[in-house]
Structures are given as C-alpha cells and as structure tokens.
*Asks:* 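Structure provided below as structure tokens; questions to follow.
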Amino acid sequence: MSNVVPTRELVRLQGLQVKVGQLLVKNKLSDMLKDDLSRLYEALELSVAKLDDLNLQGVPLDSIDSAEMRHDIRNAIGITKGYAELIKDTAEAPSATLSNLLDKIMLWSAKTISTLERTRRKQTDSSLFAMTAIKQQHPDHRGHILILDDEPANRELLSRHIQQLGLETFACATADEAYEVLRSNDIDLILLDLIMPGVSGHQVLADLKASQLWRAIPVIVISGMSDQDEVIKCIQAGADDYLQKPFNKVLLQARLHAGLDRKRWVDKERDLSNELEKSHRFIKNTFGRYLSTEIVSKLLDKPDGLDMGGQLQTVSILMADIRGFTTISESLPPQKVVKVLNNYLGTMADIIMAHDGTVDEFIGDAILALFGAPVAKADDSDRAIACALAMQAEMDAINERNIAEGLPSIRIGIGINTGEVVAGNIGSKKRAKYGVVGHAVNVTSRVEDQTQPGEILVAQSTLDHCSLSLQTGRELRLQPKGVKETISVTAINGIDSHVSNGDDSKNDSKNNAKNDAEHIKSNDTVSNDTRSNNKLANE
Amino acid sequence: MTRILLVEDNEMNRDMLTRRLERKGFTIEAAGDGEEALKKIAASQPDLVLMDMNLPILNGWATCRELRANPATESLPIIALTAHAMAEDEQKARAAGCNDYTTKPIDFPLLLAKIDNLLTA
C-alpha cells in the first residue's frame, strides 16, 4: 500500500477513459450530457498524460519531490473528479453503466489524490472523499471530536451526524466529564454548547484557552439563534467558529473540516518544531563534546547548518602529546594510566574549547585540535598559540593533582602549524566524523615530534598569520619526509604583553608592547595563561 | 440571480467550475488573470469572487489587496482557491483580504456552503 506503482493507477485510469469513450460513441445522449462527457474524456486524457510522465520517470505517486509536478497531477485529477461529480449531479436519468462508471472515476480520483498527498499526510485537503480514503487507510487517523452539550437530544443528533463523516465522537454532558475525556484522549476538535447549567460554556472556553495543553484544540461554539452577542464574545475569547441551532448539516461538515484542517496544521507545526529541536539536540550531542558553544550555535544558525561535505580551508592545527608517555604507561597499572589520561585530556579539552578550538581527535595521549574549522576566524593562529600557552600553564595544576592521587607527573610538548586542509565529514555514511585531511596535518605532527617536554614549537606558517608579539626561544629548521623545502620552527615562551583595555591579550599585543616580565618564565614553565589575564582585565 | 466572477487561468478548471456553478443557478463570468479580473469587477460588479491564487500577470494575493484598497470593492466577498491546505496559504489569503478560502481539488458542497455563508452574512 505504501508504494503505489503509477503503472497500476495508470492502467486503471486508461480503462476508465476507454469506457467513457465507448459511451460517447455508442449511446444516444442529450447534447448537454454529450458535451459534459466529452469534457470528462479530455480531463481523463490529461490525467493519463500526467501519470504517464510520472511513470516514464519511474517516480511512485506517493514520493514526488517536485511540488510543481504534484500540483499538475492534483490539478488534472481534480478536474477529472469535478466533471464526474458534475455529470453525476446533473445527468437526467443516467444509465446504470454511466452511473457505475462515474462512481469508479470518483473513487479512483479520491484514492489517487490521497496517495499523492500521503507524502504530506498532515496537509491533506479537506475533501470528504479524501477524508474517507484516509480513514480507510489509516484506521487510527480518525478525527476525535468532543461534544459538550447538556441536552441529550442535541448530543445524540450531533454524534450521529459526525459519526457519519467517519469521525469519532466523545459526548459529554458536563464540563468535568469533558475535562476527563480531554485528559485521557487525543482530541482534535471541541463542539461546545454555550448555555449549560453549572459551569458555563464561556468558563469552559476560558479554561481551555488558558491551558497550555489544550489551547491549540479548535473550539466550535454552538449557540441558539438569539445569542449573537454571546457568539461574538466567544470568538473574541478564542473560539474558532460557531454553529447555530438548528444545525445545518452541510455547514456543520464544512466547519468541522476547517477546524480539523487547522488542528492538522498546528500538529504539523508542532511536529516540525520538535524535529528542529531534535536535530539541534543531535548537533549538540554530536559536536558539543568537541566544539565550543559559540561554534555549535553558529552551526545551528546557518540555514545550511551541517553542510560539511568537504571544504578547502586554512586552519591552524595544534598537536600535543605527553612526552615519554610510553615509558610511563609501561610502569603503571592500566587503571592508573586511564586516570592520568582522563585528568589530562579533560582539562585540555576545556582549555581548547575556551579558546574556540575544535578538539578533532584524542589518539591515546595525543590531542589533535583545530582552529579555523568548522568556522574560520581572523585570529585562528593567535588563539592556537594562546591556547598552547594556556595548556602548558595548566600542567602545574594537573601535576599537583596527579601527585596528590599517587600518579606520576607528566610533561607535554605542543606543535602548531597552519595550512590548507580539506575539512568535512569524513568516513562512511553510517560512521562519519568531522575531521581534516591534508599535508598540513602531517607537518604538524613532525613539528610536534621535535618538542622537548614543556615546549611549544610553532611553524613559520602560523607565525606569518599571527598578530601577537611573542616571546620566542630556540629556532630550528626541519625537513619533514616528502617535503622539498625546509620548515622553520620557533619555540614560543609567552606573549609579549598583556591586556590593558579589556580586550583579549591576543588582540591587543601590537598596540601594547610593554613587556610584562611577571608573565614570562623560563622555557619549561611557560605561564602566560590568557584566561587568567582575561579575568584580571574583566575585573 | 447571484453573479459570481470566477478567476482561474486553467481553461479546464474554469470550464468545469463554470458548468458546476451554473447548474446550481449562479451566473458565472470568468477571468483568466488578475488584471482581467479587476477590469471585469469594475465593469460588472459581481456579488462574489472566486479566485485562484496562482494567476499570471497579477496574482491572486495582489489582486485581492487591490480590491480591498478600493472603496468600491472593499467589502466584495472573495473566496480564495488555493492549491494546498497549507496554513501559510490560508494566512496569506486572509491577510490579503479574502473572506474565506477553499483548497483544490474543490470539495463542491463545501464550496457551495461557503458561498452561501458569505452571501447571507
């Protein structure tokens, strides 16, 4: 049922078209009927042509992506159905054959339209035929109508009418009964009598509209002829429509449909916003652990949000690892190794995120962090360097904790390099991971290999992008494998200035060349913790 | 005799609806686009307008707004015929000044009820 092949629909329709053609040729018809039938024949021809197009493209009727194509088909079938109904309504003494044929065409139209709309079930049109078809296909998709009326005869009459439309009714005599039904059922629409003993219809309406849960349920007010003013009051109080006693069946039908349509839109809107929230939650869960909140919200703000299929991007890559970790891990029981790693990696991830970096990967004791992916900023290099300094500065605290817990103290080396990489979701469809690939990653690894414990080595490519005035140490030239030119690398000991105007020290260094000796220590214990600088500046 | 102007660019749709409404006793005049509709409304002053929204030259929404801006037609009943039951379509039609709307394919008894409702209001 879910995948109707157009061929079947098409064959059936062509059969119907042929029969209409036969009737036109064989039978003696009145001029009016002949004219109507020839229009119906043309409409069938149009529908056949549209379905044939669809068939050629191999698209099932319930999964047409193109709104235009769906519109064309809906239009053709709508015209077909219209002519069939017209003839059915107005033909004088139609033959049994004609009558039968028209019924088949109307049924076919209703079914086909409901298949067509199934992709967008929540937006189904308000035609009674389509409603009936939906009811047959989705037994649980019936509209649930609550009737609140104190008069038994009215309840009875309304229930009967509404049930004839294929809808389910819940008849209540008092407001309390109605609330009970509302609490335990998913109600789509409420028919509310205004004049009732006890709690008045107005009070019920006010209660409903004040309830977070029930506010969205459309309410149709039922009133006697005399209380026009009351009706106006109710509409102002949030009722959606009104019905006058005695009931007009057609009007009741029309208003029920309109109300149910409205409810479907509300449901759809709610579904959509739930979906949106779900996808936001997904993004937060997937990336939240590795990305700063700022970057996550930036991703969520972008209309094309997660289009990270692969982009050539200039990023600053930071790699850090624990020097001599293999030796440490060999001399420790596994549980302690994990504890050392968790102490270290958790703190480092926080620092990286505080500098708007992306933790791309933890590989054992090594960290690969990115500055400039997925979101590029002007100060990517500056933040990478500031982050490295903050990481080294934090090592004292980590080691204090390690020693307190009977764990060995550790020292890390950090390498930074800047270059073009391909950034995107890499991997198979099922297991994709945001990451970067490129030569620049390998170079970073070579730079990092050269570090001594406690040292930060930064490649010239990063320094070229850097606007900070830096305290530098040794300089060396590397010749990584597979690279023709040598890479010059500089040890960084600190940032040459600190905050004077409340901005991050990294943005301000050029203007403020004042050397703050307090913040520069020896090579091993670099301590220009930009975070504590920020804190001072903000105070 | 109630006179209805049917504004619809699709010839088959126009013919089908015209026949159905005429057999219910309405007098139907038809227009194929918004500009033609404005001219015919000014000339013949129909009792009610049935208007498809996706029209060439001047679309249904713009046509509606023009009718509402003109004192002579500011209260002329208009029923919008929209392609699908989308909340935004109804809101758009109502915002443009339509009194009511109905979706395609047209539920004829519903359309008749809506016409009746507007004419007796």
Side-chain angles (χ1 to χ4, degrees), chain A residues 32 35-36 39-40 42-43 45-47 67-68 70-72 74-91 109-110 112-113 116-117 120 122-131 248-258 260-262 264-269, chain B residues 6 8-26 28 30 50 52-56 59-60 79-94 98-121:
Chain A
M32 186 180 88
D35 195 35
D36 285 350
R39 294 300 298 203
L40 173 63
E42 280 173 39
E45 209 165 34
L46 179 69
S47 296
E68 199 188 332
R70 225 170 20 225
H71 174 270
D72 280 0
R74 193 195 297 110
N75 197 44
I77 298 172
I79 294 167
T80 306
K81 173 175 162 269
Y83 279 120
E85 285 174 4
L86 163 78
I87 299 167
K88 179 93 181 164
D89 279 353
T90 57
S109 306
T112 309
I113 284 171
L116 185 70
E117 301 287 307
R120 314 172 311 142
K122 291 276 162 72
Q123 301 160 11
T124 336
D125 66 294
S126 61
S127 115
L128 193 64
F129 283 106
M131 278 284 289
N248 173 321
K249 228 177 128 177
V250 177
L251 225 52
L252 169 67
Q253 214 184 85
R255 297 211 163 138
L256 280 175
H257 281 314
L260 287 174
D261 270 355
R262 213 168 290 140
R264 264 180 236 131
W265 297 334
V266 171
D267 287 350
K268 189 189 163 60
E269 266 170 33
Chain B
L6 172 65
E8 162 71 76
D9 63 318
N10 181 302
E11 190 275 329
M12 282 183 111
N13 245 325
R14 202 164 58 217
D15 177 84
M16 184 266 289
L17 271 174
T18 303
R19 282 173 199 237
R20 296 198 76 174
L21 290 164
E22 275 176 353
R23 306 235 178 127
K24 291 291 171 189
F26 295 106
I28 306 299
L50 280 180
D52 181 44
M53 290 285 117
N54 296 313
L55 292 169
N59 72 30
I79 298 178
L81 309 177
T82 62
H84 15 70
M86 303 269 285
E88 55 176 22
D89 272 15
E90 185 195 356
Q91 278 159 10
K92 248 168 111 181
R94 292 208 191 271
C98 293
N99 302 73
D100 209 337
Y101 86 113
T102 189
T103 58
K104 290 180 179 180
I106 284 164
D107 182 339
F108 199 63
L110 177 68
L111 177 64
L112 290 178
K114 290 189 168 187
I115 291 171
D116 192 50
N117 197 27
L118 278 177
L119 290 175
T120 53

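Chain naming here is simple, since letters A, B, ... match the order of the sequence lines and numbering starts at 1 in each. This is a predicted model, so every value here is computed, not measured.
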*Asks:* State, with a plain yes or no, whether a side-chain heavy atom of I79(B) is found less than 4.5 Å away from one of N99(B).
*Replies:* no
*Asks:* What part of L46(A) gets closer than 4.5 Å to chain B, counting heavy atoms only: side chain, backbone, both or neither?
*Replies:* side chain
*Asks:* Given that the side chain runs from C-beta out, which part of D15(B) has a heavy atom under 4.5 Å from chain A: side chain, backbone, both or neither?
*Replies:* both
*Asks:* Looking at side-chain heavy atoms only, is the closest gap between L112(B) and D116(B) below 4.5 Å?
*Replies:* no
*Asks:* R20(B) versus chain A, heavy atoms under 4.5 Å apart: side chain, backbone, both or neither?
*Replies:* both
*Asks:* What I want to find out is whether D36(A) reaches R23(B) closely enough, with some N-O distance under 4.0 Å, to be called a salt bridge.
*Replies:* yes
*Asks:* For N54(B) and N59(B), what are the C-alpha separation, side-chain angles and deciding distance, and is it a side chain to side chain donor-acceptor pair (under 3.5 Å)?
*Replies:* CA-CA 6 Å; N54(B) 296 313; N59(B) 72 30; over 6 Å; no
*Asks:* So which residue, S109(A), G82(A), G78(A), ends up with the most heavy-atom pairs under 4.5 Å with chain B?
*Replies:* G82(A)
